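See structure below.
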2 protein chains.
Amino acid sequence: MLLAEINIEFASPIPVYEQIKKKIKHAIARESLSANEPLPSIRELASFLKVNPNTVARAYRDLFQENIIDGRAGKGYWLKETGHLEHEKESMLKEDFLRFLERAIELGFSRERLKAMVIDFFKEEI
Amino acid sequence: MLLAEINIEFASPIPVYEQIKKKIKHAIARESLSANEPLPSIRELASFLKVNPNTVARAYRDLFQENIIDGRAGKGYWLKETGHLEHEKESMLKEDFLRFLERAIELGFSRERLKAMVIDFFKEEI
DNA sequence: ATTACTGTATTAATATATTGATACAGTGAA
DNA sequence: TTCACTGTATCAATATATTAATACAGTAAT
């Protein structure tokens, strides 16, 4: 994975470690980082981005807990098996969708109306 | 609208003003608060909940900016026309859905696969 | 064991978000 | 005008989140 793929907007209100997480997820999505491939070491990425190593460590720790990467002290971090990842990704997405449904219910939309709206969204967007 | 419909969990990590907003949206969704009906005054709700008036004011200000309620100094706040609300609710929901789509794209899902998954969700859930 | 890398843990500094105290200003009725 | 109620604005106190400084511990090669 190329260091250059990760750039940070320091003026943004979004925390640096969140930006790092998002960039890495993007890299995975485009397959510019593949299964078992090592990530840059915490200190390497930190010095490249000119941020504190703890900030990168926080991003990596989160991704570890999200079951996206694996790692050990002395060895570094690497991307997990993509097969496993597919399953994780699908369940992450399912959770997101359920949260969306909850908000819709809060707003008073019926199941049927919601379904119709979502189908419309698909016709219009992307 | 009944004051008793709004209860706060002070132990929760969710800010009090966010909890107030959510309860009011719920009340609107169940139509326990109807068009043009006045909300409890800031001080009345604050003393009932035993929170600072500014906390309630923050919730009301947010709902005002979300175009859900209207109000003026000296007169209080009241629910807006529901016709207008329907439109607002729909666009709020659309925004939520677009955020969901963005996350899905980040995770590398194609538009078609996403559509299939969403249809499956509707078959299984709620 | 030494060296040169890895990640981890602890604590402090800083920034941001949330809540609170208080004074101010608008509205309408007596 | 006066009164009793509305919401608003400003600033301080507090809590939480984020980043940083530093010391510690694991791994592997020499």
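The model shown is predicted, which means the values in this text are computed figures rather than measured ones.
The nearest pair of heavy atoms linking A:Leu33 to A:Leu79 is O-CD2, 3.3 Å.
For residues 40-49 of chain A, there are no side-chain hydrogen bond (donor to acceptor under 3.5 Å, both in side chains) pairs, not counting sequence neighbours.
A donor-acceptor contact under 3.5 Å is not formed by the side chain of B:Asn52 with the base of D:dA13.
Where DNA chain C meets chain B (any atom under 4.0 Å from a heavy atom), the bounding nucleotides read 5' to 3' are C:dT18 to C:dG28.
Residue B:Leu45 contributes atom CG, which lies 16 Å from atom C1' of D:dC5 at whole-angstrom precision. Atom CG of B:Asn54 is separated from atom C1' of D:dT14 by 14 Å (rounded to the nearest Å).
Taking only side-chain nitrogens and oxygens, B:Tyr77 comes nearer than 4.0 Å to OP1 or OP2 of D:dT8. Distances shown here put a side-chain N or O of A:Lys75 below 4.0 Å from the OP1 or OP2 atom of D:dA28.
Each end of the helix from C:dA1-D:dT30 to C:dA30-D:dT1 gets its own axis, taken as the rotation carrying the C1' atoms of four end pairs onto the next four within a five-pair window, and the two axes meet at 10° to the nearest 10 degrees.
Nearer to the 5' terminus of DNA chain D, by closest-nucleotide assignment, is the contact made by B:Arg43 (compared with the other of B:Arg43 and A:Pro15).
In this structure the side chain of B:Ile24 reaches within 4.5 angstrom of the side chain of B:Tyr60, judged on heavy atoms.
The side chain of A:Arg58 approaches D:dT18 more closely than any other nucleotide in the set D:dT8, D:dG26, D:dT18.
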